[in-house]
Undergrad: 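Okay, handing you the structure first.
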Amino acid sequence: MDLVELRERIDEIDEQIVELYERRMDIASQVADYKMETGKKVFDKERENEKLSKVRELAHNDFNKYGIQELFEQIMSMSRKLQYQKLTEQGNAERLPFIGVDELKIKKAKVVFQGEQGAYSEMAMWTFFGENVDCFHVDTFRDAMCALEEGSADYAVLPIENSTAGIVNEIYDLLVEFENYIVGEQIVQIEHCLLGLPGANKEMIRTVYSHEQSLMQSARYLMEHPDWDQVTMQNNAFAARKVREDGDMSQAAIAGENAAKAFGLKVMERGVNQSQTNATRFIIVTNQKIFMKNARKVSICFEIPHESGSLYHMLSHFIYNNLNMTKIESRPLEERNWEYRFFIDFDGNLADSAVKNALRGIREEARNMKILGNY
């Protein structure tokens with residue numbers, strides 16, 4: 001046979017495959033009706049594993065066995081998604097324990113941020129809540145989360161990601177640990193400055209203090225001064241406070257200009273961070289399960305079995321429901337080597353049917369899914 005004839009035969013077989021697929025999906029729709037009547041869950045992992053084992057054995061060589069398994073994994077995945085969609089259409093939408101609000105109550109709110117006066121977190125707070133906000137600061141991110149949990153603060157402002165240094169791992173872990181939720185975000189442009197005591201100059205400097213990420217962001221500048229010792233601090237503003245309190249002309253801090261104003265330090269050089277587009281994304285967190293009705297970003301996390309294709313099947317729920325995933329991160333699970341929790345950001349609102357469909361599928365098929373917020 002020539003190539004044209006071979007392609008014609010493939011076309012004939014493909015038409016039969018399409019016809020059989022549609023027949024199968026019609027029956028899957030009837031299965032959804034039965035499950036709605038009986039209250040059975042859509043995802044039956046044991047049944048699917050049995051099915052995959054049987055169809056694999058129908059193939060005649062190892063290559064085809066793997067291909068048949070992958071094909072039927074996709075077919076069964078599409079069947080589940082059809083059933084999830086039908087449940088939503090019949091009024092059995094995913095019931096999410098979040099309340100939509102028209103606006104956040106920020107006028108009389110008490111806000112906590114991590115760090116000292118002059119920190120970038122303070123700047124982010126002022127930008128989001130206004131400079132007259134009733135606020136206080138704490139030493140650690142955990143302290144801020146605890147303040148929300150115990151009710152001493154209504155909102156917390158926390159850094160979650162920097163455009164050059166990446167994510168703040170601890171914040172991701174705390175979002176899982178605490179029943180606190182993201183309701184907003186604020187992006188702050190970062191310009192690090194070299195700060196010293198009044199009367200000091202760069203020739204005097206022997207030690208530089210700053211947060212680990214700020215040192216990373218200023219690595220190129222610091223390489224020009226290899227004789228300077230670099231000391232990591234919990235926060236840039238803490239570094240500025242230490243320089244002020246120690247009163248040592250040989251010490252300097254890398255922090256923002258606000259920190260210089262807060263602690264009476266001298267700006268010896270501006271823009272020491274190598275990226276001129278450096279920005280940090282801060283999240284606004286509360287202990288209430290609420291979301292703005294006009295919110296357009298959803299953050300979730302989930303764990304998955306340590307099996308081939310697990311992550312692919314989770315992400316397929318976004319594709320099928322035409323949702324744009326904007327970010328994915330992973331964090332290792334404690335006491336479970338080489339297993340991970342995934343953090344996903346995607347466009348959407350918790351009131352959207354497509355979002356409810358996707359979350360229903362992920363909740364049923366993943367382990368320990370949590371909605372981190374809609375903002």
Side-chain angles (χ1 to χ4, degrees), residues 21-45 48 73-104 175 179 181-185 283-284 286 288-304 309-329 342-375:
Y21 172 78
E22 291 188 328
R23 285 170 58 186
R24 195 184 196 283
M25 293 302 281
D26 285 340
I27 296 173
S29 179
Q30 296 174 48
V31 170
D33 293 336
Y34 175 82
K35 289 182 177 179
M36 281 189 286
E37 291 175 5
T38 60
K40 291 192 67 174
K41 294 183 68 173
V42 169
F43 185 46
D44 186 342
K45 186 172 180 60
E48 291 199 2
E73 282 178 347
Q74 291 300 317
I75 290 173
M76 288 189 288
S77 175
M78 296 306 296
S79 175
R80 291 197 304 272
K81 291 177 176 66
L82 173 66
Q83 293 177 54
Y84 296 139
Q85 186 181 70
K86 193 162 187 179
L87 286 168
T88 300
E89 290 172 352
Q90 295 297 321
N92 295 299
E94 174 81 345
R95 291 180 176 84
L96 303 174
F98 285 79
I99 300 172
V101 297
D102 293 318
E103 60 182 15
L104 299 177
L175 284 170
E179 290 299 318
Y181 304 92
I182 308 170
V183 291
E185 67 178 356
I283 52 174
I284 315 302
T286 185
Q288 303 296 310
K289 286 188 174 182
I290 58 174
F291 67 98
M292 293 278 285
K293 290 180 180 178
N294 63 352
R296 295 313 311 160
K297 181 191 289 187
V298 181
S299 293
I300 66 171
C301 67
F302 54 78
E303 301 165 29
I304 55 176
S310 291
L311 180 59
Y312 172 80
H313 289 305
M314 293 303 107
L315 300 185
S316 69
H317 290 285
F318 299 111
I319 300 169
Y320 183 80
N321 287 287
N322 197 30
L323 296 172
N324 179 39
M325 189 179 73
T326 57
K327 188 174 184 62
I328 180 169
E329 298 286 349
F342 291 89
F343 294 82
I344 306 284
D345 290 349
F346 63 95
D347 295 336
N349 187 281
L350 292 179
D352 298 342
S353 59
V355 171
K356 291 178 180 179
N357 279 341
L359 293 180
R360 179 195 288 273
I362 294 170
R363 189 185 298 280
E364 288 210 19
E365 298 172 26
R367 297 196 299 223
N368 302 322
M369 192 207 60
K370 181 181 180 182
I371 299 171
L372 302 176
N374 188 195
Y375 49 101

Undergrad: Does the side chain of N374 come within less than 4.5 Å of N349's, by heavy atoms?
TA: yes

Undergrad: Is E364 reaching over with its side chain to a backbone N or O of F43, donor-acceptor style, under 3.5 angstrom?
TA: yes

Undergrad: Do you know which two heavy atoms are closest between L82 and S29, and how far apart they sit?
TA: CD2-N, 4.0 Å

Undergrad: With no hydrogens and no angle check, is any side-chain donor or acceptor of S299 less than 3.5 Å from a backbone partner on G373?
TA: no

Undergrad: Between L372 and C301, which heavy-atom pair has the shortest distance, and what is it?
TA: CD2-SG, 4.0 Å

Undergrad: Who are the ring-ring contact (aromatic ring centres under 6.0 Å, His included) partners of F291, not counting sequence neighbours?
TA: none

Undergrad: Would one find more than 12 heavy atoms of other residues, nucleotides or ligands at under 6.0 Å from atom CG of N322?
TA: no

Undergrad: Does any N or O in the side chain of K289 come within less than 3.5 Å of the main-chain N or O of P97, such that one atom is a donor and the other an acceptor?
TA: no

Undergrad: Search all heavy atoms of I344 against all heavy atoms of F302 and return the closest pair with its distance.
TA: CG1-CE2, 3.7 Å

Undergrad: Under 4.5 Å between any side-chain heavy atoms of Q74 and H313, yes or no?
TA: yes

Undergrad: Can R80 and D44 be counted as an ion pair, charged N to O under 4.0 angstrom?
TA: no

Undergrad: Where do K356 and L350 come nearest, in terms of heavy atoms and distance?
TA: CE-O, 3.3 Å

Undergrad: Tell me, which pairs form a ring pair (Phe, Tyr, Trp, His ring centres under 6.0 Å) where one or both residues lie in residues 22-42, sequence neighbours left out?
TA: none

Undergrad: What heavy-atom pair brings L311 and I304 nearest, and what distance separates the two atoms?
TA: N-CD1, 3.4 Å

Undergrad: Which residues pass the salt bridge (Lys or Arg N to Asp or Glu O under 4.0 Å) test with R24, sequence neighbours left out?
TA: none

